[in-house]
Amino acid sequence: MNPHESALLEDLNPPQREAVLHGDGPLLVLSGAGSGKTRVITRRVANLVKVRRVFPWRILAVTFTNKAAREMRERLVQLLGAQANDLVVSTFHSSAAMILRREAEHVGLTRSFVIYDDGDQLNVVKRAMREAGIEQSMQPREILHRIDQEKNAARLPEHMVVEPGDERGMLVRRVYAAYQERLRAANAVDFGDLLLLLVTLFRTRPDVLENYRRRFHHVLVDEFQDTNPVQYELLKLLAPPPSANLVVVGDDDQSIYRWRGADVDNILNFPQQYPGARVVKLEQNYRSDQNILDAANDVIRRNPRRMDKKLWSDRPRGADLTLLLNRDERAEAQEVARQILALQREGLIRFSSMAVFYRVNAQSRVLEEALRLARVPYTLVSGRSFYDRAEVRDAAAYLRLMVNPRSDADLLRIINTPARGIGDTTVERVTDHANSRGVSLYEALSQPESIPDLNTTAVKRLKGFRNLVASLATFALDAKDAASAVEQMLLETKLVDSLQAEGSDESQTRAENLREFLGAAQEFDLNRAAAAVAAAKNAAEVPPEVDAAPLTADVPPLQAFLEQISLVGEADAEVGEGRVALMTLHAAKGLEFDAVFLPGMEEGVFPHARAVKAEAMQHDDEAPRDTDPTEEMAEERRLCYVGFTRARKRLFVSLAQCRSLFGELRYNPPSRFLQDVEPKRFGISEQDLTTRARPPSTAAVAPRKRTWDEDDGPRIDRSYSQASDDMDGVGGDVRGMRVRHEQFGLGRIIAADGSGPNAKVTVEFGGGVGLKRVIARFLMPG
DNA sequence: TTGAAAGGAATTTTT
DNA sequence: TTCCTTTCAA
């Protein structure tokens, strides 16, 4: 065996090896949670290069997130050294943007097109609606959402399917068409366009497509279960069925982005799309203790339509799952904080190996408060906060305008920032004038005198603004790096100065952010210089008919910086050192921690109320037809599976008896996902379960109705906070008292033991439920 | 043009 | 409840 090969195969299990060594042709790697898929992808790439002697520039590896791309690249650098620089390892959107920029003229753009984000998109939709006089008819947000969905489905306005009589659909199509026209006129694209325009180009220009097919002989895709139809289409064009070297890696059980257009069917039907594809299953989990894995399986098992696979592990059984029950969300948060401190004191798990996952961001506030109070260091892991700040976006808008003055959305954003006395009325007159003449705002500003109804001060101010932009654009033309352009922009626009003049603490911070923005540009320049050196060293022999140049070659520095801002965001706020991580369940995908906390395991929170409602309405004729209620619930279940499988050693699931959300107090029953978990995972023996007095009807007819708060219940942590003191516990003789239980309904107390909130009482419930022993806290006076 | 007040909506958000 | 957008008044 080649020495490279043996080193690459070291410490791989047989299916992993099979995936790494698979020769040519399509391959589907079904990789369960924690089964080492990144290792498989990176080793496979390394094997292609080192053993099979494939040129690195022939390999395209696509991921969904920048983080995943970065990690993959880092691991490939370790395996391949400098050769890794010639690989294309990037996200769908980045690679599409790179190709689109090279081929811009084919799709009605110039190379300096800019990328609009969500906020820009919404503004364009609003303006298009206003222009068409249909502002009142529909929510711009909803229209934008539907446009995005169309793009995800790879449909241009003319391909939209609208039933006759579907007024709203027709409206969407109209706005969509106008929206696209505006983007093209502004030399701008949105995220969806990056993929959709490229697909369109490849479909209409086989010669262009052929260049890329000739170049990329190997395409690998991570997290394939989250691809949407355009992305899949792009893959099929680049690596056509039935025999291209397309390797897709994913787990149907971790598909959680349906609401963004992802389609699990892509992975489920892959073997049909690529007949003859080899399927390799990675089923050994190296991450979680057996108990946790079993609980995760208990939950996911209930989903229909899954690829057949069984996760197993030879890790120890491990600790029982812990269930935390509390009075309300504040007590719950305190309890989580307390448990975190306890774990840390035990000394086996560090703060940085713990995480709290929640379903919705609104849950984070109370958790943060509790952690702060308990002095638990934490980091809130959330999207791309830095580049979302208003002042940073203003700065970016100026830069984009410098590169591409036609960008109306950017111009509108900063025409009066910092305030220069150009108000709404003036802007509206300019807009009307530009629209009627079919030119960009910037062009309309070249002769403000000719704009009707403007007074002389307005004209003067507009001229000043236009001169500012013109001067900056000229500067940008031959700026040698991104930082100098940013510096010049900050200087001429006085963005920093005007913030500093304000004097408030907040404006100081914002000024500081702008300096940091300049710092980001400087860092970008340094990295770029380093990358250029590495690429130069690497010039390999290339067949003359193949274009093997780096996809980013010839992109001017400022433009490349802007692209990074749009597509990559900040350089990843690494999960803080020595800090507990707080994030949504969606953000948790791909991560792992020793201890995981899942607060809010309640119906209506997780699963989300929307999924519960959709399920309840599924037999209603009025159910909205664009949503699939069962699929919606299935996705919540997958999300739960993702959450559970992030945990290595300890899993804490938690719920509150009542919780206030949006100012309203709710009493949510325990999450169905909890009820799906076998009690023994919580340390309750099978025997306990069977000897329990339970009306057979409940168990037999509806096994799902099994509840864990009867009898001993699963291991419930008893260290309730003082905050629970005011709870109605059992005091005095309560026998005979009529009570009501969230799940079991009305009943009468037969016996009681203990006192305080955790006292247990035996209650005879009506409605065929019979005798139950429940915790007093879960009862209300009936 | 700007600020304050009122009104309305509030999953998830890789790019 | 809270945050964001829109609207209204100075």
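In the text below, chain A, chain B and the rest are named by the order of the sequence lines, each starting its count at 1.
Of the N and O atoms on the side chains of A/Asp190 and A/Tyr179, at least one donor lies less than 3.5 Å from an acceptor on the other residue.
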For nucleotides 7-11 of chain B, which of its nitrogen or oxygen atoms have a protein nitrogen or oxygen under 3.5 Å away, and what is each distance?
residue : atom : partner  : partner atom : Å
B/dT11  : O4'  : A/His608 : NE2          : 3.2
B/dT11  : O4   : A/Arg610 : NE           : 3.3

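Among the nucleotides B/dT2, B/dT15, B/dT12, the one closest to any side-chain atom of A/Asn416 is B/dT2. Closest to the side chain of A/Ala419, out of B/dT12, B/dT15, B/dT2, is B/dT2.
What separates NE2 of A/His93 from C1' of B/dT14 is a distance of 9 Å, to the nearest Å. In this structure, the CG atom of A/Leu562 is 17 Å from the P atom of B/dT15, given to the nearest Å. Taking atom CG on A/Asp120 and atom P on B/dT13, their separation rounds to 20 Å, with Å as the unit. Distance, A/Asn152 CG to B/dT13 P: 16 Å, rounded to whole Å. Taking atom CG of A/Asn66 as the reference point, atom C1' of B/dT13 lies 14 Å away to the nearest angstrom. Atom NZ of A/Lys589 is separated from atom P of B/dT14 by 11 Å (rounded to the nearest Å). When the P atom of B/dT14 is taken as reference, atom CZ of A/Arg258 falls 19 Å away, rounded to whole Å. We find that CE of A/Met583 is positioned 14 Å from C1' of B/dT14, with the value rounded to whole Å.
Under the salt bridge (charged side-chain N to carboxylate O under 4.0 Å, His left out) rule, A/Arg359 has a single partner from A/Glu602, A/Glu636, A/Glu603, which is A/Glu636.
Going from the P atom of B/dT12 to that of C/dT5 covers 16 Å, rounded to whole Å. Taking the P atom of each, B/dT13 and C/dC4 are spaced 15 Å apart, rounded to whole Å. Using C1' as the reference atom, C/dT6 and B/dT11 are 24 Å apart when rounded to the nearest Å.
Here A/Thr65 does not reach the OP1 or OP2 of B/dT15: none of its side-chain N or O atoms lies under 4.0 Å away.
A/Arg327 and A/Glu332 are not joined by a salt bridge, as no carboxylate oxygen comes within less than 4.0 angstrom of a charged side-chain nitrogen. A salt bridge does not link A/Asp394 with A/Arg510: every distance from a Lys NZ or Arg NE/NH1/NH2 to an Asp or Glu carboxylate oxygen is 4.0 Å or more. The existence of a salt bridge linking A/Arg400 and A/Asp120 is confirmed by a sub-4.0 Å separation between a basic side-chain nitrogen and an acidic carboxylate oxygen.
The outermost nucleotides of DNA chain C lying under 4.0 Å from heavy atoms of chain A, listed 5' to 3', are C/dT1 to C/dT6.
The residue A/Ile422 sits close only to the backbone: its heavy atoms come under 4.0 Å of sugar-phosphate atoms, none of a base. Within the 4.0 angstrom heavy-atom criterion, no nucleotide atom of any strand lies near A/Gly192. Residue-level contact check: A/Lys126 touches the backbone only, with heavy atoms under 4.0 Å from sugar-phosphate atoms and none from bases. When heavy atoms are screened at a 4.0 angstrom cut-off, A/Tyr257 is found touching base atoms of the nucleic acid.
In this structure, A/Phe270 has its ring center closer than 6.0 angstrom to the ring center of A/Phe224. Proximity of the aromatic rings of A/Trp259 and A/His145 is defined here by a centroid distance below 6.0 angstrom, and this criterion is not met.
Put simply, the side chain of A/Arg260 and the base of B/dT12 share no donor and acceptor less than 3.5 Å apart.
Inter-residue side-chain proximity for A/His608 and A/Val360 is flagged as met; some heavy-atom pair is nearer than 4.5 Å. Within the 4.5 Å cutoff, no side-chain heavy atoms of A/Glu233 are placed close to those of A/Phe202.
Within a 6.0 Å sphere centred on CZ of A/Arg420, heavy atoms belonging to other residues, nucleotides or ligands number more than 12.
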- side-chain contact (heavy atoms from CB on, under 4.5 Å) evaluation trace for A/Phe191 with A/Phe92: CA-CA 10 Å; A/Phe191 288 126; A/Phe92 269 103; over 6 Å; no
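When the nearest nucleotides of DNA chain B are assigned to A/Leu639 and A/Arg461 by heavy-atom distance, the more 5′-ward of the two goes with A/Arg461.
Nucleotide B/dT11 carries a syn base; the chi torsion (O4'-C1'-N9-C4 or O4'-C1'-N1-C2) is within 90° of 0.
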